[in-house]
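Counting starts at 1 for both ligands and their atoms, in listed order. Small disclaimer: the values here were computed from a predicted structure and weren't measured.
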Amino acid sequence: MGICYHTPMKHIIAPSILAADFARLGEEVQNVLTAGANWVHIDVMDNHFVPNLTMGPHVVEALSNFGINAPLDVHLMISPVADMIKPFADAGADYITFHVDAVDDIPATIKLIRSHNCKPGVVFNPDVPLGDLADYLSTIDLVLIMSVQAGFGGQSFMPEVLDKVRTVRSLIDASGQSIRLQIDGGINLQTIAQAAEAGADTFVVGSAIFKTDDYASIIAALRRAMG
Ligand code: DX5
Ligand code: ZN
């Protein structure tokens, strides 16, 4: 007692259900959480902001009603954004993230998410610059750096985004606030270490988890690989 140990920042693994078996979604999510995952990452695509169409608030509500208690991390790849915030908040979303280039007013969108008692986050595709992130960083809970172009699961990791991860890590550390730095796209046993080394602390993993048949083994291996 009396000795204060520095606790390392906890690494979060957020399986992307895009790669799960949708016919058994509740069971899949339960299994991956029992196997050691921390959050549930929900990829919302609209065939407008991205050329793919996935799921809406009803799926989030179904997971909430199924009894999933882990944080529900809703990644909006849609435009416009504003009208969909309340439906996802009502459905049980914890984090709501949006692409900065999908909205006209970033601070207003952040405020709107906060007003619905959700944690706001901003997302940057590989070709989207950080812009004035430093100016509004203190108002968000998460920054998501895409390591593939948003739109599809199963793509290859783009190492060129690691510099952007390093820059955001410096900004977050300088802010002194607890803001999560998430990376999404092509994260697997080979790529997770580079992402962790660059400063990511929250890892979205789709195919690398759901395309195996032993979720506990792969999640344990991912944790070992991130160092
Ligand atoms: C891509 C999505 C990702 C994707 C990750 O637009 O945002 O969350 O599902 O899948 P993997 O891990 O297969 O790249
Ligand atoms: Zn995603």
Note: ligand 1 atoms sitting under 4.0 Å from heavy atoms of Met77 are 6 (O), 7 (O)
Heavy atoms of Pro159 and Gln194 approach each other most closely as CB-OE1, 4.2 Å
Decide whether an N or O pair under 3.5 Å exists between His75 and ligand 1. yes
Can a side-chain donor-acceptor contact be found between Asp201 and His11 if the only test is distance below 3.5 angstrom? no
With Ile106 as partner, the option from Val122, Asp101, Asp135 fulfilling side-chain contact (heavy atoms from CB on, under 4.5 Å) is Val122
Test side-chain hydrogen bond (donor to acceptor under 3.5 Å, both in side chains), reference Asp73, set Gln182, Lys119, Arg180, output is Gln182
Would you call the rings of His75 and His41 parallel, tilted or perpendicular, taking 30° and 60° as the class edges?
tilted
- [ ] Return yes when Ala208 approaches ligand 1 closer than 4.0 angstrom through a heavy atom, no otherwise.
- [x] no
Quick look: Ser16 vs ligand 1, heavy-atom contacts under 4.0 Å, and the answer is side chain
The protein heavy atom nearest to atom 1 (C) of ligand 1 is Phe152 O, 3.5 Å
Here the N/O/S atom of Asp43 closest to the Zn ion (ligand 2) would be OD1
So for Ala19, does at least one of its heavy atoms come nearer than 4.0 angstrom to any atom of ligand 1?
no
Which of Val81, Ile85, Ile96, Asp83 passes side-chain contact (heavy atoms from CB on, under 4.5 Å) with Leu112? It is Ile85
Fill in: Gly151 N/O to ligand 1 N/O under 3.5 Å
yes
_Are any of the N/O atoms on Gly206, whether in the backbone or the side chain, positioned under 3.5 angstrom from an N/O atom of ligand 1?_
yes
Numbered in order shown, the ligand 1 atoms found under 4.0 Å of a heavy atom of Ala150 are 6 (O)
Worksheet item: Do Met45 and ligand 1 have an N or O pair less than 3.5 Å apart?
Response: no
**Asked** So, are Glu197 and Arg169 salt-bridged, with charged N and O less than 4.0 Å apart?
**Response** no
Among non-hydrogen protein atoms, atom 13 (O) of ligand 1 lies closest to Ser207 OG, 2.3 Å
When distances are taken from atom 10 (O) of ligand 1, the protein heavy atom at minimum range is Gly153 CA, 3.7 Å
At the Zn ion (ligand 2), OD2 of Asp184 and ND1 of His75 open up to roughly (10° bins) 100°
**Item:** Heavy-atom neighbours of Asp213 CG exceed 12 at 6.0 Å
**Value:** no
Less than 3.5 Å apart, any donor N or O on the side chain of Thr191 or Asn188 sitting next to an acceptor on the other? yes
Here the atoms of ligand 1 under 4.0 Å from any heavy atom belonging to Gly185 are 14 (O)
His41 heavy atoms within 4.0 Å reach ligand 1 at atoms 8 (O)
Item to complete: Please say whether Gly186 places an N or O atom under 3.5 Å from an N or O atom belonging to ligand 1.
Response: yes
shortest atom 3 (C) of ligand 1-to-protein heavy-atom contact is with Asp184 OD1, 2.9 Å
**Prompt:** Is Asp21 atom CG crowded by more than 12 heavy atoms from other residues, nucleotides or ligands, each under 6.0 Å away?
**Reply:** yes
Taking only non-hydrogen atoms of Met146 and a 4.0 Å limit, the atoms of ligand 1 in range are 7 (O)
Per-atom filter on ligand 1: closer than 4.0 angstrom to a heavy atom of Leu18 are 9 (O)
Would you check if there is a donor-acceptor pair between the side chains of Asp43 and Ser16 at a distance under 3.5 Å? yes
